[in-house]
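Values below: every heavy atom of this structure, side chains too, minus hydrogens, waters and symmetry copies.
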Amino acid sequence: MALQAAADTGWTGYSIAERDRRWAAVRKNAADAGLDCVLVPKGNRLDARYLTQMVNVGLVMPTDGRAPIVFSDSGIGNEWAPEVRLLRQKDRPAWGPGMAQALIDAGMERGRIGVAGLKVGTVTHARAADGVVNYSSFAEVLQRLPNATFVDATDTIGFVRYVKSDDEIACLRRAVAISEAGIEEMIEVARPGVDEAVLYGRVTGRLMELGSEHYNRARSDWTASGWALVTGPLDGKHTRFVEPPIGRRLQQGSFITNEVSAIWGAMVAQEVQPILLGPIPDHWKPLIEVQHDLWEAGLGLLKSGTSFKELVDFSVSFSKRPGIKTTMTLHGRGIGDDGPLITGRSDNSKLGDLRLEKNTCW
């Protein structure tokens, strides 16, 4: 599809109205949970960006309507948060004392403080089993505020992120279109004999040419960070790469799977399109038919009010064909690693009665 260059879209960032919507919703969730403030500490880059459009900052957001106290090791602000405290102690950034002082200045010495990112969330930070908070700086905060109460508040921000605004959905649509352009580039370039690093570079270049941020990820089952490229023989061992795979060339019969991810307005979209460099073997055709049928039937269930238990039960019991087992991957989309994340390996019982809602994205 034809896309405007990044500079020609007219989009210059989220509005102050979008900021105010997010802040008001987080404050309400926090107040409903009996919190005096929400702390976004060092380590929680995604929630910091969601609330300030800056990554390497922290903030204290009182629930009584006062402006948040934002702090960083640069002291540089933006339109959403013009005043940012510079964290300095003996000419070095010091996050622990700075976070503690911000809480004290907000009157939270004996407050009930919700910490975003302290634990894995219900609908955000889906892969962060131990949370995302920097231990040493948070330990200093605990030491300096011995009379305050600290509780997990990951869901306080998470459920605001879960339901997207019209502006966020518009950005996600743009990210989808960029991802699809990356897939089209891959289909154009992938041929037997092509160096896989060339393929990776061409797709990455196309994504960034259209304005995508570079997609960084770090997981134990991927070798590094970037969009995922997996290659190998159709019925053999596959090699996973998320950085340019130096020294490998595509072969006749190579099977390429991928997760091509693009970011626009901090919204992460991901497109998956398997590619086979050759004819499809007969024994794969029944699997492709089942996947197609499961996909089409599953789309019919993706509507407001459907529970995740219904989706999981449906996918597991879908195929009645001998020798074929079905499972499902369903991944929340938004800023960063949104959730919930449902796979054949995940503990879906933790989702309880959680349901799809209008303006949730997958």
Side-chain angles (χ1 to χ4, degrees), residues 1-9 11-13 45-46 49 53-56 126-127 168 170-234 237-277 329 331-338 341 361-362:
M1 89 181 265
L3 283 175
Q4 290 177 295
D8 297 331
T9 63
W11 193 78
T12 58
R45 297 163 67 87
L46 293 180
R49 182 169 185 180
Q53 297 303 293
M54 294 178 282
V55 174
N56 197 31
R127 291 190 171 102
E168 290 172 322
C171 287
L172 194 53
R173 289 185 186 279
R174 166 80 185 187
V176 167
I178 296 173
S179 296
E180 290 174 342
I183 292 289
E184 291 170 0
E185 185 74 11
M186 184 179 299
I187 292 171
E188 178 68 25
V189 175
R191 297 290 185 273
V194 170
D195 191 292
E196 293 183 13
V198 172
L199 177 68
Y200 196 97
R202 286 279 297 273
V203 174
T204 301
R206 182 60 175 153
L207 299 177
M208 301 187 78
E209 176 186 46
L210 293 171
S212 173
E213 300 175 32
H214 180 59
Y215 179 59
N216 291 306
R217 63 185 292 173
R219 285 177 53 198
S220 59
D221 56 342
W222 300 102
T223 57
S225 62
W227 64 270
L229 175 68
V230 184
T231 63
L234 185 61
K237 183 179 180 180
H238 294 175
T239 303
R240 294 186 173 192
F241 290 101
V242 285
E243 291 292 358
I246 304 301
R248 287 174 55 93
R249 292 185 179 273
L250 296 173
Q251 308 293 324
Q252 178 67 27
S254 286
F255 183 48
I256 303 168
T257 57
N258 46 65
E259 294 177 353
V260 179
S261 301
I263 308 173
W264 184 268
M267 296 289 110
V268 183
Q270 188 176 90
E271 296 294 313
V272 178
Q273 176 59 65
I275 301 169
L276 177 63
L277 301 185
T329 297
H331 196 327
R333 293 283 74 179
I335 178 172
D337 217 5
D338 273 3
L341 173 61
C361 298
W362 307 93

Partner residues of Arg49 under the salt bridge (charged side-chain N to carboxylate O under 4.0 Å, His left out) criterion, sequence neighbours left out = Glu213

How close do Gly253 and Leu276 get, heavy atom to heavy atom, and via which atoms?
-> O-CD1, 3.6 Å

Between Phe255 and Pro233, what is the shortest heavy-atom contact and its length?
-> CB-C, 4.3 Å

Looking only at heavy atoms, what is the nearest atom pair of Pro274 and Thr257, with distance?
-> CB-CG2, 4.3 Å

Output for pair (Thr204 OG1, Leu199 CG), nearest 0.5 Å, gives 9.0 Å

Ala197 backbone acceptor or donor facing Asp195 side chain under 3.5 Å | yes

Is the backbone of Asn258 close enough, under 3.5 Å, to the side chain of Gln273 for a donor and an acceptor to pair up by distance?
-> no

Find the distance between CG (Leu229) and CD1 (Ile256) and round it off to the nearest 0.5 Å.
-> 7.0 Å

Straight-line distance of Met267 CE to Arg174 CZ, nearest 0.5 Å | 15.0 Å

Whether Trp227 and Tyr200 hold their rings parallel, tilted or perpendicular, with breakpoints at 30° and 60° | parallel

Can you check whether Gly193's main-chain N or O pairs, donor with acceptor, with Arg249's side chain at less than 3.5 Å?
-> yes

Go through Val189 and Val194 one step at a time and tell me if the side-chain contact (heavy atoms from CB on, under 4.5 Å) criterion holds.
-> CA-CA 8 Å; Val189 175; Val194 170; 4.1 Å; yes

Spatial distance of atom OG1 (Thr329) from atom CG (Leu341) [nearest 0.5 Å] | 7.5 Å

side-chain contact (heavy atoms from CB on, under 4.5 Å) between Glu196 and Leu250, intermediate numbers included | CA-CA 6 Å; Glu196 293 183 13; Leu250 296 173; 3.8 Å; yes

Kindly compute the distance separating CD1 (Ile275) from OG1 (Thr231), expressed to the nearest 0.5 Å.
-> 11.5 Å

Which pair of heavy atoms, one from Ile178 and one from Ala262, lies closest together, and at what distance?
-> CG2-CB, 3.6 Å

Identify the two heavy atoms, one from Ile183 and one from Val260, that lie closest to each other, and give their separation to 0.1 Å.
-> CD1-CG2, 3.6 Å

Considering non-hydrogen atoms only, spot the tightest contact between Ala269 and Arg333 and give its length.
-> C-NH1, 4.1 Å

Starting at NE2 of His214, measure out to OG of Ser261 and round the result to the nearest 0.5 Å.
-> 10.5 Å

Under the 3.5 angstrom rule, does the side chain of Ser254 hit a backbone N or O of Gln251 as a donor-acceptor pair?
-> yes

